[in-house]
2 protein chains.
Amino acid sequence: MTPAAARRPTILDVAARAGVSKSAVSLALRGSPGISDATRARILTCAEDLGYRGNRLARALVEGRSALVGVVLNDLSNPYHTEIVAGIEDGATAMGATTLLTHGQRDPHRTVLQVEMLLGLNVEGLVLVGSRVPVDALERLGRTLPTIVVGRLEAPVPGVDTIANDDEAGARSAVHHLAALGHEHVAHVSSSTRPAALSRRRAYLATMDDLGLGDRAVVHARDRLDGTEEDLDEVARRAVADPRTTAVFASNDVAALAVLDAASAAGRSLPGDLSVVGYDNSTISRIVRPRLTSVDQPRPLMGTLAAEMLAERLAGRTTDRHEVLPPTLVVRDSTAPPAARVV
Amino acid sequence: MTPAAARRPTILDVAARAGVSKSAVSLALRGSPGISDATRARILTCAEDLGYRGNRLARALVEGRSALVGVVLNDLSNPYHTEIVAGIEDGATAMGATTLLTHGQRDPHRTVLQVEMLLGLNVEGLVLVGSRVPVDALERLGRTLPTIVVGRLEAPVPGVDTIANDDEAGARSAVHHLAALGHEHVAHVSSSTRPAALSRRRAYLATMDDLGLGDRAVVHARDRLDGTEEDLDEVARRAVADPRTTAVFASNDVAALAVLDAASAAGRSLPGDLSVVGYDNSTISRIVRPRLTSVDQPRPLMGTLAAEMLAERLAGRTTDRHEVLPPTLVVRDSTAPPAARVV
DNA sequence: TTGAAAGCGCTAACAA
DNA sequence: TTGTTAGCGCTTTCAA
């Protein structure tokens with residue numbers, strides 16, 4: 001009594017049907033030489049007839065390589081990541097590898113579990129996108145297999161390559177844009193103390209200084225001295241409440257959205273009464289009204305670059321590589337010259 | 001000359017170190033009985049020392065089952081899907097399976113390729129979320145392995161289970177909500193001719209009839225008679241241009257967003273001058289202003305249910321199951337009673 | 001040009 | 001309680 005579901009045909013079934021040995025089938029299937037065209041054609045036909053489908057697991061086992069690459073997102077629901085993923089996948093496909101996609105639900109612990117899972121499946125390389133993997137775990141990965149981190153790290157980890165956008169340049173372009181429009185009281189809303197946000201915060205202050213506006217710079221940050229985080233909307237309200245402030249540079253689009261809301265609630269008209277620049281050029285920036293001026297990271301490029309660096313590692317590179325890519329400012333409707341002052 | 005990267009330790013290495021046979025290690029690792037506690041402890045320690053990590057590929061090969069489940073999204077960048085995925089993953093984890101996530105980039109062809117890839121990895125089941133897999137391919141899948149489709153199908157496919165929300169009920173609740181607010185001229189903006197959108201369109205018309213408003217119903221659809229699709233913004237403009245229309249039910253949140261924009265552009269104030277209801281309760285509905293009233297599908301439940309149905313199939317169920325879940329209306333700020341008419 | 005045989009890392013009989 | 005053995009489906013020597 002065999003089960004109802006037909007067993008999946010193996011290479012042996014094809015061999016039997018074609019009247020050859022299983023190694024002949026293996027050769028034929030992968031287009032290797034050392035087999036006559038006639039036999040190959042016959043074998044291919046038989047395989048087709050049987051609906052034969054190679055067993056990648058078996059192949060990976062015997063070849064000692066899986067041609068699998070793991071991609072771990074911090075958070076699947078973050079639309080910021082999807083273009084990066086597409087880039088990685090394109091690159092991986094080009095090098096004959098298959099990407100396995102997972103996500104850590106924003107939780108470092110779950111992220112580590114996902115990574116474990118991928119290692120169990122014998123992935124040959126790992127790309128971590130924005131994932132908050134603990135440094136010790138990252139170090140272990142760097143020793144174990146090619147590992148690329150897309151996103152800013154607090155400090156380099158040996159054996160781990162990184163790809164990030166130039167947060168300093170991005171922040172600078174945002175502030176310069178606002179200053180060029182005539183804004184002097186440009187405030188900053190900072191959403192976190194993670195490396196990328198901190199870089200932007202520092203660059204904001206430095207740029208304000210460079211422009212001779214250092215004494216007008218003011219940072220509204222969520223992080224409190226006691227280590228807790230203030231509500232983002234509350235921070236936005238604070239920033240908007242200052243009547244001198246005519247423009248805000250926010251450390252990401254989510255924070256910018258909070259500022260837009262707070263401004264509306266406070267009766268400040270946008271962008272005349274208050275200009276806002278975000279960071280990430282996420283879908284949010286196209287959905288909100290006014291449409292958000294935002295700093296764009298070259299996401300597709302970051303993805304293909306990740307795949308490329310992975311390929312290099314697999315080809316034998318052992319030195320670490322840290323790539324920083326230039327962002328570009330996308331100007332939309334949320335920034336304009338400051339309205340004439342009614343004193 | 002061995003390569004620099006240390007070979008990953010196998011069960012044999014552990015056995016050698018512990019001075020036992022490899023089957024003893026296998027037993028110890030999986031907590032099977034038939035081995036003394038002392039030996040087990042020793043083996044576990046050795047495995048730990050060596051940094052041993054089981055090879056799932058080898059295990060899958062010998063056990064004849066992979067404990068892998070494939071999840072295929074139509075589009076990774078569609079935030080609508082992510083909660084469903086979380087549900088599927090939770091369910092799969094509970095049944096001891098691992099989910100492999102992929103996406104088809106909205107392209108049926110690419111989707112089929114992804115499915116092929118998953119089959120090559122010996123997944124034991126497949127969950128397709130909103131994916132547009134051609135019917136013939138779907139039929140083949142239904143014959144080959146447990147397959148669950150989350151989303152509405154044009155017609156049932158033998159061997160394929162489905163999970164969908166009740167589009168009729170959702171459309172009805174949207175129209176009833178608007179009618180209860182006092183709207184009579186409720187128009188519908190329909191974004192496509194896909195099964196879900198068509199169901200909502202039909203239910204809209206039926207509900208308007210039921211309410212005695214049949215003669216005031218008007219459908220603004222993208223689909224033209226010649227089979228082409230009109231620009232969504234253009235359709236929204238048309239809908240908003242009709243001065244009698246005081247409310248719009250859109251077939252999804254993206255369409256609703258287009259209506260909101262068109263309304264603003266036409267100088268109609270929201271929601272007093274025009275009320276709008278969307279469908280999907282996507283992140284869009286929380287980002288736009290006014291916040292969008294929208295029909296919510298029970299996504300987490302859809303996900304866990306998918307995993308559950310998969311488990312049933314794997315346990316031997318051979319009858320098809322089609323589940324339809326009730327949606328709920330989430331009322332936000334985009335709907336209000338019609339403003340008093342200035343005649 | 002083809003077939004036979006070994007073995008990838010593991011589990012699951014079975015024998016000791 | 002332990003060790004031995006035979007494969008899972010495939011690739012890859014090596015002979016024929």
Side-chain angles (χ1 to χ4, degrees), chain A residues 2-3 6-44 46-47 50-68 96 98 119-124, chain B residues 2-3 6-44 46-47 50-68 96 98 119-124:
Chain A
T2 48
R7 189 182 53 83
R8 186 163 138 181
T10 76
I11 200 171
L12 277 168
D13 299 317
V14 180
R17 184 172 235 261
V20 297
S21 77
K22 64 173 183 169
S23 34
V25 178
S26 178
L27 290 177
L29 252 30
R30 248 156 340 99
S32 313
I35 193 168
S36 69
D37 286 354
T39 324
R40 161 164 297 137
R42 188 157 42 87
I43 291 174
L44 257 34
C46 292
L50 256 40
Y52 171 80
R53 186 185 313 271
N55 185 336
R56 274 189 72 156
L57 267 43
R59 186 210 270 239
L61 187 59
V62 65
E63 284 188 332
R65 51 160 310 196
S66 61
L68 253 27
T98 300
L119 292 178
L121 287 170
N122 295 20
V123 293
E124 295 177 37
Chain B
T2 46
R7 188 182 53 84
R8 187 163 137 180
T10 76
I11 200 172
L12 277 168
D13 299 317
V14 180
R17 183 172 237 262
V20 295
S21 76
K22 64 173 181 168
S23 37
V25 178
S26 178
L27 290 178
L29 253 30
R30 253 156 337 101
S32 311
I35 193 167
S36 70
D37 285 354
T39 326
R40 161 164 298 137
R42 187 157 44 88
I43 293 174
L44 258 35
C46 293
L50 257 39
Y52 170 80
R53 188 184 312 272
N55 186 336
R56 277 189 69 157
L57 267 44
R59 187 210 270 238
L61 187 58
V62 64
E63 283 188 333
R65 50 160 310 195
S66 61
L68 252 30
T98 301
L119 293 178
L121 287 171
N122 294 23
V123 293
E124 295 178 37

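Worth knowing before you read on, the calculation uses all heavy atoms, side chains too, and leaves out hydrogens, waters and symmetry mates. Residue numbers begin at 1 in each chain, while the letters A, B, ... track the order of the sequences.
One atom, CG of A:Asp37, and another, P of C:dT2, lie 10 Å apart when rounded to the nearest Å. Distance, B:Ile11 CD1 to C:dA12 C1': 12 Å, rounded to whole Å. A:Leu57 places its CG atom 21 Å from the P atom of D:dG7, with the value rounded to the nearest Å. Rounded to an integer number of Å, the gap from CG of A:Leu27 to C1' of D:dC14 is 13 Å. Between the P atom of C:dT11 and the CZ atom of B:Arg56 lies a distance of 12 Å, rounded to the nearest Å. Atom CG in B:Leu29 sits about 12 Å away from atom C1' in C:dT11, given to the nearest Å. Atoms CG (A:Leu12) and C1' (C:dG3) sit 13 Å apart, rounded to a whole Å. Between A:Asn55 atom CG and D:dG9 atom P the separation is 7 Å, expressed in whole Å.
Relative to the side chain of B:Ala58, the nucleotides C:dG9, D:dT12, C:dA12 differ in distance, and C:dG9 lies closest. Of the candidate nucleotides C:dG9, C:dC8, C:dG3, C:dG3 has the atom lying nearest to any side-chain atom of A:Ala24. Closest to the B:Ile35 side chain, of the nucleotides D:dG7, D:dT2, C:dT2, is D:dT2.
Side chain to side chain, A:Arg8 and A:Asn55 fail the donor-acceptor criterion of an N or O pair below 3.5 Å.
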Quiz item: Can A:Val20 and A:Val25 be said to form a side chain to side chain contact (heavy atoms under 4.5 Å, CB included), step by step?
Solution: CA-CA 7 Å; A:Val20 297; A:Val25 178; 3.9 Å; yes
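Nucleic acid contact class of B:Ser23 (heavy atoms, under 4.0 Å, all strands): base. Contact annotation for A:Leu61: base contact, defined as any heavy-atom pair under 4.0 Å involving a base atom.
In terms of phosphate contacts, A:Arg40 brings no side-chain nitrogen or oxygen within less than 4.0 Å of OP1 or OP2 of C:dT1. Note on A:Arg30: a side-chain N or O is less than 4.0 Å away from OP1 or OP2 of D:dT11. The side chain of B:Ser21 places an N or O atom within less than 4.0 Å of a non-bridging phosphate oxygen (OP1 or OP2) of D:dG3. When the side-chain nitrogen and oxygen atoms of B:Thr39 are compared with OP1 and OP2 of D:dT1, none of them lie within a distance under 4.0 Å.
Panel note: side chain B:Arg53, backbone A:Asn122; no donor-acceptor pair is recorded below 3.5 Å. With hydrogens and angles ignored, the 3.5 Å screen pairs no side-chain donor or acceptor of B:Arg56 with any backbone N or O of A:Gly120.
Across the interface with DNA chain D, nearest-nucleotide mapping of A:Glu63 and B:Ser36 shows B:Ser36 to be the residue nearer the 5′ end.
Rounding to the nearest 0.5 angstrom, the gap separating the OH atom in A:Tyr52 from the CG atom in A:Leu12 is 9.5 Å.
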